[in-house]
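Labels below follow one simple rule: chain letters A, B, ... track the order of the sequence lines, proteins then strands, and each chain is numbered from 1. No hydrogens, no waters, no symmetry mates; every other heavy atom, side chains included, goes into these values.
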Amino acid sequence: MPHGTDAAFERVIFWFRRDLRLSDNRGLAEATRQSRQVIPLFVFDTNILDDLDNTQDRRVTFIHESIRELQRMLQETGSDIVVLHGDPEDAVPHLADRVNADAVFTNRDYEPYAAARDAQVQRALADDGRAFVDFKDQVIFEKDEILTQSGEPYKVFSPYKRAWLQRFEENTEYGRSPAAEEVPDYAQLAPRRTLRGLSDAWDMDALGFVPTDLWLVPGESAARERLAGFLPRMAEYKTDRDFPSREGTSGLSVHLRFGTISIRAAVRAAMEDDSKGAQTWLSELIWREFYQMLLDRFPRVVSHSFKPEYDAIRWPGTDDHFQAWCEGRTGYPIVDAAMRHFNATGWMHNRLRMITAMFLTKDLLVDWRLGEAYFAGHLLDYDLASNNGGWQWSASTGADGAPYFRIFNPILQSKRFDPDGSYIREHVPELAGFEGDTLHWPHDADMFTQRDAGCVLGEDYPHPVVDHFEQKEKAIALFKAVEK
DNA sequence: AAATTTTTGAA
DNA sequence: TCAAAAATT
């Protein structure tokens, strides 16, 4: 379609949220197709930022850097981005009024807060006679697109996945952008001079945050490079992904979270590779959609067990044990290594997320919501749907979660997935002198061995805070007590 | 996306 | 007698 000549709108704001990229961005592509002029916008949302209790939040740095890159790319085309700092419910309609936009285009966000915010923005815009148009971009399939025969949402992953794959293969268009464009039509983007003076101050200082170090490079071009770097490793994903000391995972979770890469690009990459590893990775991407669908369809999971009968459980874990877990001093080396690495970087390997979550809920008997909140506060790739889904999986309260009797033995997990102990040695250096299986469970070592390893238990490294075999029985009893 | 105990079945 | 399969939690 020729641009501009038959555009439906004169001037449209495109509002970036968790889609911080120019390429393969459905809402942005539609905005440039349907409007003579497009004004790019990002809002640093004070409703979210004011709730962060750490001025060194890594996510703010990631977003800030990614917006900077967007701005550089837009400026190279002669355009720019408007950046606001405030409450979107006021800021977006206000900007629309200021530039006299006909509409605000954006990509849908399925989190309860975002959905409520967008409904409010839509109402405010409508009062002024402006449209709010949103698009599917964050997922391949939304909640109503994959349903059982009886029209119900799936509550078990495998049949959901089967239906997802079938639907995808029926129409390969799902993997593509609706408009064939992979990048926006730059001719439609508002010229830089038009956008001058519209932004708030948005350097980190003005936002009230301090830049942090990150373990990965923010932005769209870095995301593309990371995917490219993963392609040759994808075939080995199935075998390597469970070992925290190997580079076996894609490392794309942060980019998928902030949309510096599109889910379609990821799915296309998996579909174009016929290895077992690619299928396994695709399966993980489908888990992501499964959890997004569940959150959209059952928002009560934010604060309640997906399985209502397990809401009756009163988790008896103590605050002391929770603190020991948070700080990586439980006396379980693999758990402590994972938590210390996490605290230092804001990232945790998926295998370790399962081990630490299982340990908090089934060994320390602490309510999964506390663990979920701790991860929510520190994960650079934090996503409500995936984090909640993962925690409810580990706690056995979720849709298709681990059965309550399937409790990880943290020592066996450690031996299996960190066989040479290199992960533990790196992140719990005081244990590095222990050899073989003793590293995974040092507490049976005699004093000679401890001195030899340079680590006296109870002094240099804590005694275990609980006994796994005792706690596991208590965990099973908690579930049995409330079973129907 | 488990761990552990019990039973089975072939040597 | 032991490893694999099945049952149990």
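- Using a 4.0 Å heavy-atom cutoff across all strands shown, A/Arg241 reaches sugar-phosphate atoms only and no base atom.
- A/Glu220 and A/Ser23 share a side-chain donor-acceptor pair at under 3.5 Å.
- In this entry the distance linking CD1 of A/Ile407 with C1' of C/dT9 reads 9 Å, nearest Å.
- We find that NZ of A/Lys472 is positioned 16 Å from P of C/dT8, with the value rounded to whole Å.
- Considering only side-chain atoms of A/Phe408, the nucleotide from B/dT4, B/dA2, C/dT9 that sits closest is B/dA2.
- You'll find the ring centres of A/Phe14 and A/Phe105 outside the 6.0 Å limit.
- Residue contacts for A/Glu473: at a heavy-atom cut-off of 4.0 Å it reaches no nucleic acid atom on any strand shown.
- The side chain of A/Arg351 sits closest to B/dA2 out of B/dT4, B/dA2, C/dT9.
- Counting any heavy atom pair closer than 4.0 Å across all strands shown, A/Phe469 reaches sugar-phosphate atoms only and no base atom.
- As rounded to whole Å, 18 Å separates atom P of C/dT9 from atom CE of A/Met358.
- For residues 229-240 of chain A, the salt bridge (charged side-chain N to carboxylate O under 4.0 Å, His left out) pairs, not counting sequence neighbours, are A/Arg233-A/Glu247, A/Asp240-A/Arg246.
- A straight line from CZ of A/Phe405 to C1' of B/dA3 spans 11 Å, rounded to a whole angstrom.
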Result block: side-chain N/O donor-acceptor pairs under 3.5 angstrom for residues 426-434 of chain A, not counting sequence neighbours:
{"residue": "A/Glu430", "atom": "OE1", "partner": "A/Arg340", "partner atom": "NH1", "Å": "3.3"}
{"residue": "A/Glu430", "atom": "OE2", "partner": "A/Arg340", "partner atom": "NH1", "Å": "3.1"}
{"residue": "A/Glu430", "atom": "OE2", "partner": "A/Arg340", "partner atom": "NH2", "Å": "3.3"}

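- Residue A/Asn409 contributes atom CG, which lies 19 Å from atom P of C/dT9 at whole-angstrom precision.
- Between A/Tyr332 and the choices A/Trp325, A/Phe408, A/Phe359, the ring pair (Phe, Tyr, Trp, His ring centres under 6.0 Å) rule is met once, by A/Phe359.
- The nearest whole Å value for the distance from the CZ atom in A/Arg406 to the C1' atom in B/dT5 is 17 Å.
- C/dT9 atom P lies 17 Å from atom NE2 of A/His468, rounded to whole Å.
- One finds no salt bridge joining A/Lys307 and A/Glu309 here, because no Lys/Arg side-chain nitrogen approaches an Asp/Glu carboxylate oxygen to under 4.0 Å.
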Dot-bracket for DNA chain B, 5' to 3', Watson-Crick and G-U pairs with both distances under 3.5 Å, [ ] for crossing pairs, | for partner on another strand, reads .|||||||||.
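- In this structure, A/Phe359 places its CZ atom 16 Å from C1' of B/dA3, rounding to the nearest Å.
- Between A/Trp281 and A/Phe230, the gap from one ring centroid to the other is short of 6.0 Å.
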